[in-house]
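Structure, as structure tokens:
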Amino acid sequence: MTSTPTPPGLARLNALEDQAVHAVLYEVCASTAWVKRLLAARPYAIPEDLYAASDAAMAELTTADLAEAMAGHPPIGRPKPGDPASAREQRGMAGASEELRAEMLELNLAYQERFGHVFLICATGLTGQQMRDAVKERIGNSPEQEREIVRTELGKINRIRLARLVAEQDDD
């Protein structure tokens with residue numbers, strides 16, 4: 001059996017000093033507890049080990065940890081200025097009509113008022129209409145149901161971001 005070489009991004013993640021890795025991982029997920037768990041599990045032999053560590057850390061996050069992680073995400077339809085990841089992930093809203101944008105703003109505000117945090121969804125690959133339909137559907141959830149949905153969505157976002165990190169070439 002032949003072993004495959006460690007992807008450049010994963011090799012770099014394994015080689016960086018803790019403080020530098022902390023900053024990189026915090027860009028993936030703004031939960032200090034999640035970052036600390038991933039730091040403690042280094043080095044990672046293969047990307048799947050990193051993804052499994054992320055999933056395990058997500059499962060252990062407290063309500064406060066989830067709130068910290070969600071605070072790092074802008075509302076749908078309003079990506080962080082100058083943040084290519086945010087813009088890329090919310091691409092489905094880029095071509096949305098003004099009517100849909102206004103509706104999303106209203107729904108975001110109603111959701112935030114009900115749950116106390118931004119509406120979080122793994123927006124990668126979704127259209128503006130799909131995101132709107134999801135917030136409409138989820139606004140009726142209980143806070144407990146919504147917290148677990150958010151945990152799942154955040155886990156999906158983290159996996160996508162980690163996969164991009166792992167695949168990064170040295171010259172990026």
Side-chain angles (χ1 to χ4, degrees), residues 5-94 104 108-109 111-112 115-126 131 134-135 138 143-144 146-172:
T6 303
L10 185 59
R12 190 170 41 258
L13 190 73
N14 284 333
L16 287 172
E17 295 293 327
D18 282 357
Q19 188 175 2
V21 176
H22 187 283
V24 168
L25 291 175
Y26 197 81
E27 285 294 315
V28 172
C29 180
S31 164
T32 304
W34 180 86
V35 170
K36 285 180 179 178
R37 285 183 177 100
L38 267 67
L39 272 172
R42 281 193 320 155
Y44 297 101
I46 56 174
E48 288 71 23
D49 292 345
L50 175 63
Y51 307 146
S54 174
D55 293 346
M58 280 305 305
E60 296 174 14
L61 293 186
T62 66
T63 300
D65 296 333
L66 283 171
E68 180 186 24
M70 286 183 286
H73 289 268
I76 295 292
R78 296 189 351 235
K80 287 183 204 170
D83 180 358
S86 179
R88 180 177 50 253
E89 291 166 355
Q90 293 194 28
R91 190 173 307 150
M93 286 299 294
M104 255 333 260
N108 276 327
L109 292 172
Y111 179 97
Q112 193 158 351
F115 295 108
H117 57 78
V118 297
F119 171 68
L120 189 80
I121 188 167
C122 182
T124 300
L126 298 181
M131 289 182 250
V135 72
R138 287 173 45 191
E144 296 77 19
E146 195 55 22
R147 185 171 41 254
E148 291 312 308
I149 291 170
V150 163
R151 183 185 308 275
T152 299
E153 294 297 311
L154 190 56
K156 292 178 195 176
I157 294 166
N158 291 351
R159 274 185 167 249
I160 290 169
R161 290 178 174 184
L162 287 170
R164 289 187 67 82
L165 185 66
V166 163
E168 283 180 354
Q169 298 298 314
D170 288 329
D171 58 347
D172 282 347

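When reading the values below, keep in mind they use all heavy atoms of this one structure, side chains included, and skip hydrogens, waters and symmetry mates. Bear in mind that the values here come from a model prediction, so they are computed numbers and not experimental data.
Residues Y44 and V166 fail the side-chain proximity criterion, which asks for heavy atoms closer than 4.5 Å. Put simply, the side chain of R37 reaches to within 4.5 Å of the side chain of L61, judged on heavy atoms. For the pair L13 and L50, the minimum side-chain heavy-atom distance is below 4.5 Å. Put simply, the side chain of R159 reaches to within 4.5 Å of the side chain of D55, judged on heavy atoms.
D65 places a side-chain N or O within 3.5 Å of a backbone atom of T62 that can act as its donor or acceptor partner. Q112 contributes no side-chain N or O that, together with a main-chain N or O of V118, makes up a donor-acceptor pair within less than 3.5 Å.
Summarising the local packing, CD of E17 is surrounded by 12 or fewer heavy atoms from other residues, nucleotides or ligands at distances under 6.0 Å. Atom CD of Q19 sits in a sparse spot, with 12 or fewer heavy atoms from other residues, nucleotides or ligands closer than 6.0 Å.
Note that the NE2 atom of H22 and the CG atom of L39 stand 6.5 Å from one another [nearest 0.5 Å]. We find the CG-CG distance between L38 and L25 to be 5.5 Å, quoted to the nearest 0.5 Å. Note: L154 CG to S31 OG = 8.0 Å, rounded to the nearest 0.5 Å. Atom CD of E68 sits about 14.5 Å away from atom NE2 of H117, to the nearest 0.5 Å. Atom CZ of F119 and atom CE of M131 lie 9.0 Å apart (nearest 0.5 Å).
Every residue two or more places apart in sequence or in another chain that forms a salt bridge (Lys or Arg N to Asp or Glu O under 4.0 Å) with D18 is listed here: R42. Remark: E146 pairs with Y111, R138, N141 by the side chain to side chain donor-acceptor pair (under 3.5 Å) rule, at least two apart or across chains.
Pairing each heavy atom of A57 with each of W34, the nearest pair is CB-CD1, 3.5 Å. Shown here for A45 and T6, the closest heavy-atom pair between the two residues is O-OG1, 4.0 Å. Of all heavy-atom pairs spanning S54 and N158, the tightest one is OG-CB, 3.8 Å. Across all non-hydrogen atoms, the minimal contact from C122 to I157 is CA-CG1, 3.7 Å. In this structure, E168 and P8 approach most closely via the heavy-atom pair O-CB, 3.4 Å. G72 and A30 make their closest contact through CA-CB, 4.0 Å (heavy atoms, listed as atom of the first residue, atom of the second, distance).
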Assess the residue pair L66 and M58 against the criterion (side chain to side chain contact (heavy atoms under 4.5 Å, CB included)); give the C-alpha distance rounded to whole Å, side-chain angles, the decisive distance to 0.1 Å, and a yes or no.
CA-CA 9 Å; L66 283 171; M58 280 305 305; 4.1 Å; yes
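With H73 as reference, L120 is the one residue of V150, L120, I121 to meet the side-chain contact (heavy atoms from CB on, under 4.5 Å) rule.
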